[in-house]
Amino acid sequence: MSSNPDHALNWVKENVQSFLPDTRIRGIAVGNEVLGGTDYSLWGVLLGAVKNIYNATKKLHLDQLVQISTANSFAVFAVSYPPSSGKFDNNVNQYMKPLLEFFQQIGSPFCLNAYPFLAYAGDPEHIDINYALFEPTKGIYDPMYHLHYDNMLDAQIDAAYSALEDAGFDKMEVIVTETGWASNGDQSEAGANATNARTYNYNLRKRLAKRKGTPHRPKNVVKAYIFALFNENEKPGHSSEKNYGLFKADGSISYDIGFHGLNAGHSSLLSLKNINTQGLSQSYMMVFFLSSLIPLIFWS
């Protein structure tokens, strides 16, 4: 994508333009958690890929419909606690700054994959699980912002805003492109169970429905995507990696968070058995599952 503009153009034609307007495609994440990741060869080519994908959307007159960004993990930050101390890692900064400059030019947001579950699982002795789950808690106080936080997700988002401000991009919006909670995990992964997963995603839904911002950015309505719709049962790594879905890999429901249609009575409608009996091909099934990975849950 970075070295070949024609390849980027053809990709956008085949994977985006051909599905519009029937499919509501609103954004393209060019790479997932590239900066801060272990494949350093991708760091230097990310900006070129972003520019070529954007130029392709512009050439096809889709740039006003489809935003271009890249998803970032917390590995891009040197510090993220308390929220006011948020700052990009020095090694990442030389790649992040030109990327953010381009995003600022084209009006793109900073995309953040934020997981209170990972923070809690990494330090369960010192982190209140209620703070991570949006449950009643005393929360934390940020002495520099002079602000109180009653849930970790808001604090994580404000840490990103703080890092952007430190880098000189105080007008850029933060969007949470991934957040969720594992319904199962290894013995070493504290809090990974279906009860906590349901509580987190149910409370997240209620939090987003309030259409309010964070303590530091009260006017910026929080926007987020749930990760994920389906469990990825063949994914490598810890058991938690296989168990983020609202549905299991066979299409049956993992737990109900109150969405219409997301309940045990309707789960059979999405079972592989029923999809097969309806005559859908294997290739269609693959497209169905891939395109359904992350449901949008904010209101525009």
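All values derive from a computational prediction rather than experimental measurement. Both backbone and side-chain heavy atoms feed into the values below; hydrogens, waters and symmetry mates do not.
The minimum heavy-atom distance linking Arg207 with Gly213 is given by the pair NH2-O, 3.0 Å. A pairwise comparison of heavy atoms in Ser162 and Pro83 identifies CB-O, 3.1 Å as the closest pair. Between Gly245 and Ser254, the shortest heavy-atom contact is O-OG, 3.1 Å. Looking at every heavy atom in both residues, Gln94 comes nearest to Pro98 through O-CD, 3.2 Å. Residue Ala29 comes nearest to Ala71 through the heavy atom pair CB-N, 4.5 Å, listed as atom of the first residue, atom of the second, then distance. Taking every heavy atom of both residues into account, Trp11 and Ile53 meet most closely at CE3-CD1, 4.1 Å.
Taking the side chain as every heavy atom from C-beta outward, Glu135 and Thr199 approach each other to under 4.5 Å. A 4.5 Å side-chain heavy-atom check between Pro116 and Gln156 finds at least one atom pair inside the cut-off. Side-chain contact check for Gln67 versus Pro109: some heavy-atom pair is nearer than 4.5 Å. Side-chain contact between Leu100 and Met172 is present, with heavy atoms from C-beta onward closer than 4.5 Å. Using a 4.5 Å heavy-atom threshold, the side chains of Asn55 and Pro5 count as separate. Residues Val222 and Leu208 have side chains in contact (heavy-atom distance under 4.5 Å, counting atoms from C-beta outward). Residues Asp63 and Tyr54 have side chains in contact (heavy-atom distance under 4.5 Å, counting atoms from C-beta outward).
Taken from OG1 in Thr70 to CD1 in Ile28, the straight-line distance is 12.0 Å, to the nearest 0.5 Å. Rounding to the nearest 0.5 Å places CG of Asn151 at 5.0 Å from CZ of Phe134. Summarising the geometry, atom CG belonging to Leu164 is positioned 5.5 Å from atom CZ belonging to Phe110; distances are rounded to the nearest 0.5 Å. Trp43 CH2 to Met96 CE: the interatomic distance, rounded to the nearest 0.5 Å, is 9.0 Å. For the atom pair CD (Glu125) and CD1 (Ile127), the distance works out to 11.0 Å, reported to the nearest 0.5 Å. In this structure, Ile140 CD1 and Asp154 CG are separated by 10.0 Å, a value rounded to the nearest 0.5 Å.
Under the 3.5 Å distance criterion, the side-chain polar atoms of Asn196 are matched with a main-chain donor or acceptor of Gly191. Judged by distance alone, with hydrogens and angles left aside, the side-chain atoms of Arg198 form a donor-acceptor pair with the main-chain N or O of Asp256 at under 3.5 Å. Side-chain N or O atoms of Asn203 include one that pairs as donor or acceptor with a backbone N or O of Leu133 at under 3.5 Å. Distance alone, capped at 3.5 Å, places no donor-acceptor pair between the Asn231 side chain and the Asn233 backbone. Side-chain atoms of Asn52 come within 3.5 Å of backbone N or O of Ser2 as a donor-acceptor pair. In this structure, the side chain of Thr137 does not engage the main chain of Asn130 through any donor-acceptor pair within 3.5 Å.
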Run the side-chain contact (heavy atoms from CB on, under 4.5 Å) test on Asp158 and Val174 for me, step by step, so that the C-alpha distance in whole Å, both residues' side-chain angles and the decisive distance to 0.1 Å come before the verdict. CA-CA 9 Å; Asp158 275 353; Val174 174; over 6 Å; no

Chi angles and distances behind the side-chain contact (heavy atoms from CB on, under 4.5 Å) call for Val50, Phe102: CA-CA 9 Å; Val50 166; Phe102 183 67; 3.8 Å; yes

Steps toward side-chain contact (heavy atoms from CB on, under 4.5 Å) verdict (Ile253, Leu246): CA-CA 6 Å; Ile253 196 167; Leu246 300 180; over 6 Å; no

Trace of the side-chain contact (heavy atoms from CB on, under 4.5 Å) decision for Phe88 with Asn72: CA-CA 11 Å; Phe88 289 115; Asn72 299 281; over 6 Å; no

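For the residue pair Tyr255/Asn201, the side-chain donor-acceptor check at 3.5 Å is satisfied. Asn113 and Ser73 share no donor-acceptor pair across their side chains, judged by distance under 3.5 Å alone. For the residue pair Asp186 / Ser188, no side-chain donor-acceptor distance below 3.5 Å is found, with atom types taken as modelled.
Within the structure, the salt bridge (Lys or Arg N to Asp or Glu O under 4.0 Å) test picks out the following pairs touching residues 163-176 (sequence neighbours left out): Glu165-Arg217, Glu173-Lys223. Pairs engaging residues 74-84 under the side chain to side chain donor-acceptor pair (under 3.5 Å) rule: Ser84-Asp142 [sequence neighbours left out]. Residues in residues 144-168 take part in these ring pair (Phe, Tyr, Trp, His ring centres under 6.0 Å) pairs, two or more places apart or across chains: Tyr145-His216. Residue pairs satisfying the ring pair (Phe, Tyr, Trp, His ring centres under 6.0 Å) criterion with at least one member in residues 164-183, sequence neighbours excluded, are listed as follows: Phe117-Trp181, Trp181-Tyr200. A salt bridge (Lys or Arg N to Asp or Glu O under 4.0 Å) check over residues 79-107, counting only residues at least two apart or in different chains, returns nothing. Applying the salt bridge (Lys or Arg N to Asp or Glu O under 4.0 Å) test to pairs two or more places apart or on separate chains, those with a residue in residues 234-243 are Glu232-Lys235, Lys235-Glu241.
Under the ring pair (Phe, Tyr, Trp, His ring centres under 6.0 Å) criterion, Tyr141 pairs with no residue at all, not counting sequence neighbours. In terms of the ring pair (Phe, Tyr, Trp, His ring centres under 6.0 Å) criterion, residue partners of Phe74 (sequence neighbours excluded) are, by chain and number, Phe77. Listed by chain and residue number, nothing satisfies the side chain to side chain donor-acceptor pair (under 3.5 Å) test with Asp22 (two or more places apart in sequence, or in another chain). A search for ring pair (Phe, Tyr, Trp, His ring centres under 6.0 Å) contacts involving Tyr244 returns Tyr115, Phe227, not counting sequence neighbours. Taking the side-chain contact (heavy atoms from CB on, under 4.5 Å) definition, one finds that Leu20 meets it with Val16, Ile25, Leu62, Leu65, sequence neighbours left out. With sequence neighbours excluded, the residues satisfying side-chain contact (heavy atoms from CB on, under 4.5 Å) with Asn184 are Asn243.
No single ILVMFWY cluster, assembled from side-chain heavy atoms under 4.5 Å apart, contains both Val79 and Leu147.
Ile157 pairs in a side chain to side chain contact (heavy atoms under 4.5 Å, CB included) with only one of the listed residues (Val176, Asn220, Thr179), which is Val176.
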